[in-house]
Structure formats: C-alpha cells, structure tokens
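Scroll down for the structure; my scribbles are underneath it.
In this text the structure is predicted, and so the values were computed from the model without any measurement. Side chains included, hydrogens not; waters and symmetry mates left out as well; all remaining heavy atoms used.
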Amino acid sequence: MTENSRDADMNNLIKELFHAETWQERANAARKLGFLNDGRAVNLMCTALKKEKDHMVINRIIEALGRIGNVKATIGIVEKLKKEFQKANPDKYRVITIIESLMNIKDKRALAYIGHFLTSEDEDIKNLAQEAFDIIEPNWREILKKEKKEKSIQDIFKTNL
C-alpha cells in the first residue's frame with residue numbers, strides 16, 4: 001500500500017466514522033482505523049468517541065484506540081470508564097473492552113482508574129485488572145506493599161473530624 005493510498009483510506013474511514021448513517025458502517029470504520037494502526041487518527045477518533053451515541057460504535061472506537069496504542073487516547077477512554085463507574089449496572093463488556101485497550105496503551109495514568117477493579121466481585125474483571133497492572137507496572141505489588149509500610153495506620157485511615 002502506498003503512502004498516498006493509505007492516507008486516502010484513512011481520510012475516507014474518518015469521514016465514515018463521523019458521517020455514515022448506520023451504526024454498522026461507523027463501527028466498521030472504527031475497526032478498520034484500528035487496523036491501519038496510524039497514530040494520526042487518534043485525535044479525531046477521540047473526538048468521535050465523545051460525540052458518538054451508539055453503544056457498539058463506542059466499543060469499536062475504544063478497541064481501535066487500544067490497537068493503535070497511542071497515549072493520547074488514554075484520557076478519552078478513561079472518561080468512558082468513569083461513566084461506567086457511575087452506572088448502577090456497569091456494562092461488563094464495556095469495562096473489559098476499556099481495560100484491554102488501556103492495557104495495550106500502557107499509560108501509567110490509567111492505573112488509578114483500573115485499580116478500582118482490583119477488588120471487583122466479578123472474577124473476570126478482577127483478573128483482567130491484575131493483568132493490566134502486571135503489564136503497565138510490573139512491580140505494582142511491591143510498590144503497594146512499600147506504600148502500606150511507609151504509612152502509619154492513622155495515615156491510611158485518616159478521617160476529617
């Protein structure tokens with residue numbers, strides 16, 4: 001594939017992502033953008049992630065951003081994860097998709113948000129969160145133990161009285 005045809009493909013896929021009438025076409029465009037693996041698409045894909053309303057298209061954008069692996073996508077993906085926190089019944093598939101994408105991006109800023117799932121009652125999500133920590137920060141268990149040793153019980157359980 002020549003550089004010009006690759007650029008044309010990317011431009012056409014971006015147009016489809018924003019303007020295609022059916023969710024299937026937008027989801028397919030997002031998936032194909034992920035396979036192009038071109039970091040130049042990340043900013044526009046993050047914009048699409050904010051604007052998109054369809055559940056499946058959002059998941060495909062998140063997957064594609066994870067496949068590209070550019071840290072510029074972390075904040076947009078974390079915003080979607082925060083919205084899942086706020087739901088009474090978070091979408092397990094969405095949470096898994098988000099954690100897998102953040103794991104592929106390997107941005108340590110995501111650990112604060114993935115850490116919420118280290119104590120999840122859902123074993124699949126809990127195990128995936130641990131795997132993400134292992135990939136993003138391999139020494140996370142030692143860091144956690146050290147932090148707990150350096151803080152007193154009062155600091156750990158500090159309350160504002």
Please set out all donor-acceptor pairs under 3.5 angstrom arising from side-chain atoms of residues 57-65, sequence neighbours excluded.
residue, atom, partner, partner atom, Å
Asn59, OD1, Arg94, NE, 2.5
Asn59, OD1, Arg94, NH2, 3.4
Arg60, NH1, Glu63, OE1, 3.3
Arg60, NH1, Glu63, OE2, 3.3
Glu63, OE2, Tyr93, OH, 2.9

Cut-off 3.5 Å, no hydrogens considered: what does the side-chain donor-acceptor table look like for residues 36-45, sequence neighbours left out?
residue, atom, partner, partner atom, Å
Asp38, OD1, Arg40, N, 3.0
Asp38, OD1, Arg40, NE, 3.1
Asp38, OD2, Arg40, NE, 3.1
Asp38, OD2, Arg40, NH2, 2.6
Arg40, NH1, Asp7, OD1, 3.3
Arg40, NH2, Asp7, OD1, 2.7

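Here CD1 of Ile136 is found 10.5 Å from CD of Glu131. Values are rounded to the nearest 0.5 Å. With rounding to the nearest 0.5 angstrom, the CG atom of Asn28 is 8.0 Å from the CG atom of Leu13. Here the CD atom belonging to Gln24 is positioned 13.0 Å from the CZ atom belonging to Arg31, to the nearest 0.5 angstrom.
Between the side chain of Asn12 and the backbone N or O of Ala8 there is at least one donor-acceptor pair closer than 3.5 Å. Asp122 places a side-chain N or O within donor-acceptor distance of the main-chain N or O of Ile125, the cut-off being under 3.5 Å.
Side-chain contact between Leu128 and Phe117: absent, with no pair of heavy atoms (C-beta onward) separated by less than 4.5 Å. At a threshold of 4.5 Å between non-hydrogen side-chain atoms, the residues Ile105 and Asn70 do not count as touching. In this structure, the side chains of Tyr113 and Ile98 stay at 4.5 Å or more apart for every pair of heavy atoms.
Scanning for side-chain hydrogen bond (donor to acceptor under 3.5 Å, both in side chains) contacts around Lys53 gives an empty result, with sequence neighbours left out. Scored by the salt bridge (Lys or Arg N to Asp or Glu O under 4.0 Å) test, Asp124 finds Lys92 as partners (sequence neighbours excluded). Every residue was checked against the side-chain hydrogen bond (donor to acceptor under 3.5 Å, both in side chains) condition with Asn104, not counting sequence neighbours, and none meets it. Arg109 pairs by the side chain to side chain contact (heavy atoms under 4.5 Å, CB included) definition with Val71, Thr74, Ile75, Asp107, not counting sequence neighbours. Partners of Lys108 under the salt bridge (Lys or Arg N to Asp or Glu O under 4.0 Å) rule, at least two apart in sequence or in another chain, are Glu137. Take Phe133 and apply the ring-ring contact (aromatic ring centres under 6.0 Å, His included) test, not counting sequence neighbours, and it matches Trp140. Residues passing the side chain to side chain contact (heavy atoms under 4.5 Å, CB included) test with Glu123, sequence neighbours excluded: Lys126, Asn127. Residues meeting the ring-ring contact (aromatic ring centres under 6.0 Å, His included) test with His55, sequence neighbours left out: none. Considering only residues two or more places apart in sequence or on other chains, Lys83 meets the side chain to side chain contact (heavy atoms under 4.5 Å, CB included) condition with Lys80.
In the displayed structure, Glu142 atom CD is contacted under 6.0 Å by more than 12 heavy atoms of other residues, nucleotides or ligands. No more than 12 heavy atoms of other residues, nucleotides or ligands sit less than 6.0 Å from atom NZ of Lys51.
Minimum interatomic distance between Ala73 and Cys46 (heavy atoms only, all atoms of both residues): CA-SG, 3.7 Å. In terms of heavy-atom proximity, Leu17 sits nearest to Ala48 at CD2-CB, 3.7 Å.
Transitive grouping of hydrophobic side chains (ILVMFWY, heavy atoms separated by less than 4.5 Å) keeps Phe35 and Leu49 in distinct clusters. Hydrophobic clustering (side-chain heavy atoms under 4.5 Å, transitive across Ile, Leu, Val, Met, Phe, Trp, Tyr) groups Ile135 together with Ile77. A continuous path of Ile, Leu, Val, Met, Phe, Trp and Tyr side chains, each step under 4.5 Å between heavy atoms, connects Phe85 with Ile99, placing both in one hydrophobic cluster.
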Any chance you could lay out the salt bridge (charged side-chain N to carboxylate O under 4.0 Å, His left out) test for Lys32 and Asp9, step after step, and finish with the verdict?
-> CA-CA 9 Å; Lys32 287 179 180 178; Asp9 286 347; over 6 Å; no
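Within the structure, salt bridge (Lys or Arg N to Asp or Glu O under 4.0 Å) pairs that include any residue of residues 10-30 comprise Arg26-Glu52 (at least two apart or interchain).
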